[in-house]
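Step one of this worksheet: look at the structure below.
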Amino acid sequence: LLGVAVGGYWLIKYLADKILQKTKSKKEYAADIVAGLNFIGLPKSNKYNLLVDLGTNAEIALFSEEKVLCTSAAAGPCFEGANITCGMSATEGAIYSFSNNGSYETINNTKPKGICGTGLIDIIAVLLQKGIIDETGYMESEEFFITDNIKLTQKDIRQFQLAKSAVYSGILAVLREKAISFESIE
């Protein structure tokens, strides 16, 4: 078992080195993907893993035991809190988690100051589950209040949809390049 773990580490290191060599002049992806590859580890035989780092540029890596394919997608600043009415970076006071009962958590458990990317994803997922927004992203009310002064607007949902679409397009591009389907991902 130790040999497999050590062997797996060296293969991940090899894949990470390959990424770094191919991306020396391309800053769209490299360090985040390399760190992610080291964290995730290798998929089972004949399977792939998909790693997506969300940010202004979404870095996407599709990899197997032997191959790795990377791309980036211009997701816009949505996942970093920009262009979101009450958006902010993932710093102290950012709402990073939101649950079905309306409770939320903030970074460092401090008074909420705004919504960061993970909070935005959670809030939109809950609103969709509860039928507050429909499958097209339409919300009857122009605003949804999380606190008295922190809200999500229809414009925010549209910004999220644009970013999500860019990420999904990037994922489809790497899947098509390798001629595999989502079922091949572990």
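Lys178 has its side chain within reach of Leu69: a pair of non-hydrogen atoms, C-beta onward, lies under 4.5 Å apart. At a threshold of 4.5 Å between non-hydrogen side-chain atoms, the residues Ile124 and Leu152 count as touching. Using a 4.5 Å heavy-atom threshold, the side chains of Cys78 and Leu120 count as touching. Inter-residue side-chain proximity for Thr71 and Leu62 is flagged as unmet; no heavy-atom pair is nearer than 4.5 Å. Contact of the Cys70 side chain with the Val68 side chain is registered, since non-hydrogen atoms from C-beta on lie closer than 4.5 Å. Side-chain contact between Ile123 and Ile115: present, with at least one pair of heavy atoms (C-beta onward) separated by less than 4.5 Å.
Note on Phe98: it does not cluster hydrophobically with Met88, by side-chain heavy-atom contacts below 4.5 Å among ILVMFWY residues. With hydrophobic clusters built from ILVMFWY side chains whose heavy atoms lie under 4.5 angstrom apart, Phe79 does not share a cluster with Leu162. Leu54 and Leu128 fall within a single hydrophobic cluster, where Ile, Leu, Val, Met, Phe, Trp and Tyr are joined by side-chain heavy atoms under 4.5 Å apart, directly or via other members. Linking ILVMFWY side-chain heavy atoms closer than 4.5 Å, directly or via other members, places Ile133 and Ile146 in a single hydrophobic cluster. Note on Ile132 and Phe145: separate hydrophobic clusters, where clusters join Ile, Leu, Val, Met, Phe, Trp and Tyr whose side-chain heavy atoms are under 4.5 Å apart, directly or indirectly.
Across Ser64 and Lys47, no two heavy atoms sit closer than the pair CB-O, 3.6 Å. Among all heavy-atom pairs drawn from Lys113 and Ile150, the shortest one is C-CD1, 3.7 Å. When all heavy atoms of Asn83 and Lys155 are compared, the closest pair comes out as O-NZ, 2.9 Å. The heavy-atom pair separating Thr106 from Ile95 by the smallest distance is CG2-CG1, 4.0 Å. Annotation for Tyr104 and Pro112: closest pair OH-CG, 3.4 Å, computed over non-hydrogen atoms. Among all heavy-atom pairs drawn from Thr110 and Ile107, the shortest one is OG1-O, 3.4 Å.
A donor and an acceptor atom, one from each side chain of Asp156 and Thr85, are located under 3.5 Å apart. Side-chain polar atoms of Tyr96 and Glu105 form a donor-acceptor pair below 3.5 angstrom.
Note: Tyr168 and Phe182 have parallel aromatic rings, judged against thresholds of 30 and 60 degrees for the angle between ring planes.
Remark: side-chain polar atoms of Gln154 are paired, donor with acceptor, to backbone N or O of Met139 under 3.5 angstrom. Asp122 places no side-chain N or O within 3.5 Å of a backbone atom of Gly119 that could act as its donor or acceptor partner. In this structure a side-chain-to-backbone donor-acceptor pair under 3.5 Å is missing from Glu80 to Gly87.
No more than 12 heavy atoms of other residues, nucleotides or ligands lie within 6.0 Å of CG in Asn46, so this atom counts as exposed by the packing criterion. The number of heavy-atom neighbours closer than 6.0 Å to CD of Glu92, taken from other residues, nucleotides and ligands shown, is above 12. For Lys111, the NZ atom is loosely surrounded, since the number of other residues' heavy atoms within 6.0 Å does not exceed 12.
In this structure, CD1 on Ile180 lies 5.5 Å from CD1 on Ile185, to the nearest 0.5 angstrom. With rounding to the nearest 0.5 Å, the separation of CZ in Phe160 from OG in Ser165 is 11.0 Å. Separation of atoms CD1 (Ile60) and CG (Asp53) is listed at 10.0 Å; rounding is to 0.5 Å. Residue Ile171 holds its CD1 atom at 12.0 Å from CZ of Arg176, rounded to the nearest 0.5 Å.
Listed by first and then second residue, the side-chain hydrogen bond (donor to acceptor under 3.5 Å, both in side chains) pairs that reach into residues 138-148 are Glu143-Lys151, Thr147-Asn149, sequence neighbours excluded.
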